[in-house]
Amino acid sequence: MNENKTEKSFLADFRRRIRETRATRWVRFCIVSVLFFLWVIWMGNPWLSLIWLLLLDVYITSYIPWTWWKKTKGPTRTLLSWLDAIIYALVLVYIIFAFIGQNYKIPSSSLEKSLLVGDYLWVNKTLYGPRVPQTPLHFPLAQHTLPMLNTKSYIDNPQLAYHRLPGLRSIERGDIVVFNFPTGDTVPEKISNPDYYTICHELRKNGIDDPKAFIEQNPEKFGKLLVRPVDRRENYVKRAIGLPGERLQIKNDIIYIDGQPIAEPTNVQFNYIIPVSGRIADEKWESVSVRREDHGFAPITLDGDGHMFYNVPLTKDALATVKSWPEVSGPIIRETESGFYDLGGVWPLGADTGWTRPDMGEFWIPQRGKTLHLTLNNLPLYERVIRTYEGNTLEVVDGKILINGEPTEYYTFKMDYYWMMGDNRDRSLDSRYWGLVPEDHIVGSPMFVLISFDEDRPMFRNIRTERILKNANPDKDLWKK
């Protein structure tokens with residue numbers, strides 16, 4: 001009897017709350033519900049629809065006193081009203097940044113002249129399909145560190161499995177892509193460049209057998225060793241050159257895909273050594289779009305004969321212009337043909353491939369669902385992919401490859417992988433140094449420039465107005481086989 005009364009009482013109260021809800025709140029609730037269920041369909045997870053009951057209470061039934069603070073008085077109400085507005089704004093920003101798009105700043109010259117240092121980009125996450133946040137509990141306005149507080153901007157747990165929602169298309173050659181730095185999983189707090197694995201490689205070359213222990217024992221130089229989840233690693237932006245399932249090779253700086261050279265836009269740059277009779281004015285360098293940081297304020301060195309040199313990145317058109325300058329005192333040569341060039345340190349680190357930055361042997365880029373015949377010769381190319389990116393154990397025992405403890409000569413890949421490079425070829429930290437980019441690291445593609453600041457110009461005169469809302473990838477159609 002009491003149970004029937006309780007049930008009738010609840011139903012009566014529920015109907016009363018429904019009747020007393022204003023029409024404007026019903027309109028808002030219906031709009032939010034439609035958007036919510038479209039999001040649930042997009043996410044492909046029906047369990048998320050249970051959150052709708054929470055929305056029903058927020059807009060209609062109000063069993064939970066969401067707006068209790070409106071009944072308070074004085075500064076408490078003012079403070080809480082501001083807090084309420086901030087929370088709503090952060091939730092909205094979180095949703096937009098996670099599923100629609102986000103702004104990013106270009107910090108380096110690796111993609112000049114397509115993207116310039118100081119460009120602020122709007123990156124479209126719907127193009128390839130947004131990732132469901134793998135680290136859902138994070139502050140939406142910071143990648144991994146809260147400014148000023150210098151603490152983590154995220155909570156490690158829970159960690160969700162990688163899942164990407166349907167997008168408009170897949171990555172194409174020539175796309176400029178934002179992605180999380182693949183080897184940014186482990187980071188020495190005080191040193192970001194070179195990355196942790198390059199540091200370990202150099203330490204081993206110098207006779208240190210346990211680089212990790214050495215780094216941990218020298219916090220004054222390296223700081224703490226930080227481990228970051230995939231979506232909280234540094235954001236990089238490069239151009240997609242090699243796609244899943246293709247064979248890629250670099251010979252004398254020319255990129256070959258499946259045995260055929262690919263055409264490159266005129267904006268691609270290479271470093272040149274320029275002998276000069278004296279200093280070249282900054283204005284001249286600016287006329288060929290060479291940043292002050294790239295040419296310095298004086299010639300870089302003297303050789304045994306007293307000649308001075310510049311080492312600068314130039315496009316083909318800029319090179320032709322520089323050759324005509326009267327200050328140039330001799331033949332201009334590529335950096336790779338000079339004594340200024342270091343031949344070591346390319347991917348895969350530690351492997352005896354003989355590869356260099358301008359010359360890398362042919363290799364296959366892994367594709368989801370495709371199987372590769374593994375050998376001891378090609379294993380260094382795919383070791384990190386199999387072990388780190390795809391979560392397997394891998395070891396070599398008595399000349400045999402063991403994956404998850406089982407001897408095998410074949411491996412089927414779980415994800416697609418990409419080869420990313422910068423247009424400023426000799427000043428780009430890209431796949432030639434750290435290898436393949438897994439699909440779960442892909443963030444999105446820049447659509448347009450929001451605003452751009454020239455760091456070589458004084459404040460208030462440093463806005464590049466001509467770049468506002470400019471297409472972030474005007475040369476896309478020129479990249480093809």
Indicate the ring-plane relationship of [X] and [Y], choosing parallel, tilted or perpendicular according to the 30° and 60° boundaries.
| X | Y | value |
| --- | --- | --- |
| Phe37 | Trp52 | tilted |
| Trp364 | Phe413 | tilted |
| Phe363 | Trp347 | perpendicular |

If the threshold is 4.0 Å, N to carboxylate O, is there a salt bridge linking [X] and [Y]?
| X | Y | result |
| --- | --- | --- |
| Arg387 | Glu383 | yes |
| Glu264 | Arg425 | yes |
| Asp454 | Arg464 | yes |
| Glu246 | Arg173 | yes |
| Glu216 | Lys224 | no |
| Arg427 | Asp294 | yes |
| Lys414 | Glu390 | no |

Suppose the criterion is salt bridge (Lys or Arg N to Asp or Glu O under 4.0 Å): which pairs have a residue in [range], not counting sequence neighbours?
| range | value |
| --- | --- |
| residues 126-141 | none |
| residues 365-381 | Arg368-Asp416, Arg368-Glu439 |
| residues 140-167 | Lys152-Asp156 |

Q: For Pro265, check side-chain contact (heavy atoms from CB on, under 4.5 Å) against everything at least two apart and list the hits.
A: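 Here the qualifying residues are Val268, Asp475, Leu478, Trp479.
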
Q: Name all residues meeting the side-chain contact (heavy atoms from CB on, under 4.5 Å) criterion together with Arg334; count only those two or more places apart in sequence or in a different chain, and write none if there are none.
A: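 Arg334 satisfies side-chain contact (heavy atoms from CB on, under 4.5 Å) with Asp253, Phe270, Tyr272, Thr336, Glu337, Asp426 once adjacent residues are dropped.
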
Q | Quiz item: cation-pi between Arg357 and Tyr433, 6.0 Å / 45° | A |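 Ring-cation test returns no.
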
For the residue pair [Y] / [X], report whether a side-chain donor-acceptor contact shorter than 3.5 Å exists.
| X | Y | result |
| --- | --- | --- |
| Gln102 | Tyr104 | yes |
| Asp430 | Ser428 | yes |
| Ser445 | Asp175 | no |

Q) How would you list all residue pairs meeting ring-ring contact (aromatic ring centres under 6.0 Å, His included) that involve residues 133-170, not counting sequence neighbours? A)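 Every ring-ring contact (aromatic ring centres under 6.0 Å, His included) pair that includes a residue of residues 133-170, provided the two are not neighbours, is Tyr94-His138.
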
Q. Crowded around Arg247 CZ? As in, over 12 foreign heavy atoms under 6.0 Å?
A.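 Check passes, neighbour count above 12.
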
